[in-house]
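A short write-up of the structure that comes next.
Computed from heavy atoms alone, side chains included, the values below leave out hydrogens, waters and symmetry copies.
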Amino acid sequence: MMAMYLQMEHVYLPPLSRVAVCGGTHGNEMSGVYIVREMQKQKVDKAGSVSVTAVLSNPLAVDACRRYIETDLNRCFTNALLSAPITDSTPLELKRAQELNTLLGPKGSQEAVDLVCDIHNTTANMGLCLIFYSVDWITLHIFKYMQSKMTSAPVRAIQLDIPISEAYSLESVGKHGFAIEVGPQPTGVLRADIYNIVKEAVDLTIEWLQKFNSGTTFEGGEVEAYSLVKSVDYPRDPTTNEITAAIHPELQDNDFKLLQPGDPLFQSFYGETVKHEGEELYPFFVNECAYYEKKIAFHLAQKKTLTVPSVNVKKN
């Protein structure tokens, strides 16, 4: 296990008055679609000190119940793509990314919303995960708060070590942000148990923001996070590029269970086992349906310990 020790002081941060709750960034991930629709129907636009914007990110893909129409919206939010000129050949999703950047950003500016919470589902057995880019005290404290309150699913954090300018997903548009990733749930399907987990996570996020704004001190401490090391593809036929093996039954549904050298990864269609080699790492997004096109069978991560400071709102 890798530990990250940072010198901690008490940190005072500005109030967080504007939050965007987004769903349908992938149009067939149904928890976020229905959470946002319900928030819009109930006209949830204010929660105490927090103004709430509920956004259906990719309405055309939602209507078609497809992940995307022309290109993956959740890969369109790098600085380069957000500033690219729009032409007749620009994919629908890139146009939509620039609209969302105008609505919720602009990314990297003082005008951007304080927090973007983007809701996703995975077909992998990952429980509830918060995915974020930088080591951000606000995100880590919300994660810590969720972990202390939720019993309906394991709550984990995944950190992608990518500079914010190259961060490609919607949550990077806000001053702070994270994706909520919850599974397992098949695409195009709504499960009540998964919906309830997501709803609780969104409610706890807004509750934390209200407490923070009202002056509550959130004590520091240590949290564990999984840090992406690499992605692993399925074994493939060198001639046809077709996959030649499936996820091994012993790995299937065992996201975040430590992989040791010699543990089974894949079972070939001829019954042979492909085993893990190299360092001990944690698999996640195991056999994610949407990652077949990206040639990813699973990701591998190290576990880090992050030290977070106590935080308070900075009063004007």
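- Side-chain contact annotation: Thr122 with Glu288, donor-acceptor N/O pair under 3.5 Å present.
- In terms of hydrophobic clustering, with Ile, Leu, Val, Met, Phe, Trp and Tyr side chains grouped at heavy-atom distances under 4.5 Å, Leu13 and Ile206 are assigned to a common cluster.
- The only option from Tyr234, Phe266, Tyr292 that meets the ring-ring contact (aromatic ring centres under 6.0 Å, His included) definition with Phe298 turns out to be Phe266.
- At least one side-chain heavy atom of Trp208 sits less than 4.5 Å from a side-chain heavy atom of Leu16.
- The closest side-chain donor-acceptor pair between His120 and Asp118 falls under 3.5 angstrom.
- Between the side chains of His176 and Asp136, at least one donor-acceptor pair of N or O atoms lies under 3.5 Å.
- In this structure, Gly177 and Thr139 approach most closely via the heavy-atom pair O-OG1, 3.7 Å.
- By the 4.5 Å heavy-atom criterion applied to side chains, Val232 and Ile296 are not counted as neighbours.
- Salt bridge annotation for Asp72-Lys294: present, with a cationic side-chain nitrogen under 4.0 angstrom from a carboxylate oxygen.
- When all heavy atoms are compared, the tightest approach of Asn312 to Phe212 is C-CE1, 3.5 Å.
- Residues Asn79 and Glu166 have side chains that never bring a donor and an acceptor to within less than 3.5 angstrom of each other.
- Just one of Ile119, Leu100, Asn74, Val33 meets the side chain to side chain contact (heavy atoms under 4.5 Å, CB included) condition when paired with Ser57; it is Leu100.
- Not a single donor-acceptor pair under 3.5 Å links the side chain of Thr71 to the backbone N or O of Pro91.
- Between Arg67 and Glu29 there is a salt bridge, since a side-chain N of the basic residue sits under 4.0 Å from a carboxylate O of the acidic one.
- With a 4.5 Å cut-off on side-chain heavy atoms, Val308 and Glu222 do not count as touching.
- Taking CD from Glu111 and CG from Leu104, the interatomic distance works out to 13.0 Å, rounded to the nearest 0.5 Å.
- The shortest heavy-atom contact between Lys175 and Gln110 is NZ-O, 2.9 Å.
- For the side chain to side chain donor-acceptor pair (under 3.5 Å) test with Asn58, the passing option among Glu93, Arg96, Arg66 is Glu93; the others fail.
- A heavy-atom distance below 4.5 Å is not found between the side chains of Gln98 and Ser83.
- Nearest heavy atom pair, residue Pro309 against residue Val11, reads CG-CG2, 3.6 Å.
- Side chains of Asn213 and Ser49: a donor-acceptor N/O pair is present below 3.5 angstrom, by distance only.
- In this pair, His299 and Phe284 present their aromatic rings tilted. The plane angle is within the 30 to 60° band.
- No close placement of the Phe143 and His141 rings is indicated, their centers lying 6.0 Å or farther apart.
- The two atoms that bring Lys149 and Glu200 nearest to each other are O-OE2, 4.1 Å, heavy atoms only.
- In terms of heavy-atom proximity, Arg236 sits nearest to Asn241 at NH1-O, 2.8 Å.
- The aromatic rings of Tyr145 and Phe218 sit perpendicular to each other, their planes meeting at more than 60°, with 30° as the lower class boundary.
- Considering only heavy atoms from C-beta on, Pro163 stays 4.5 Å or farther from Tyr133 through its side chain.
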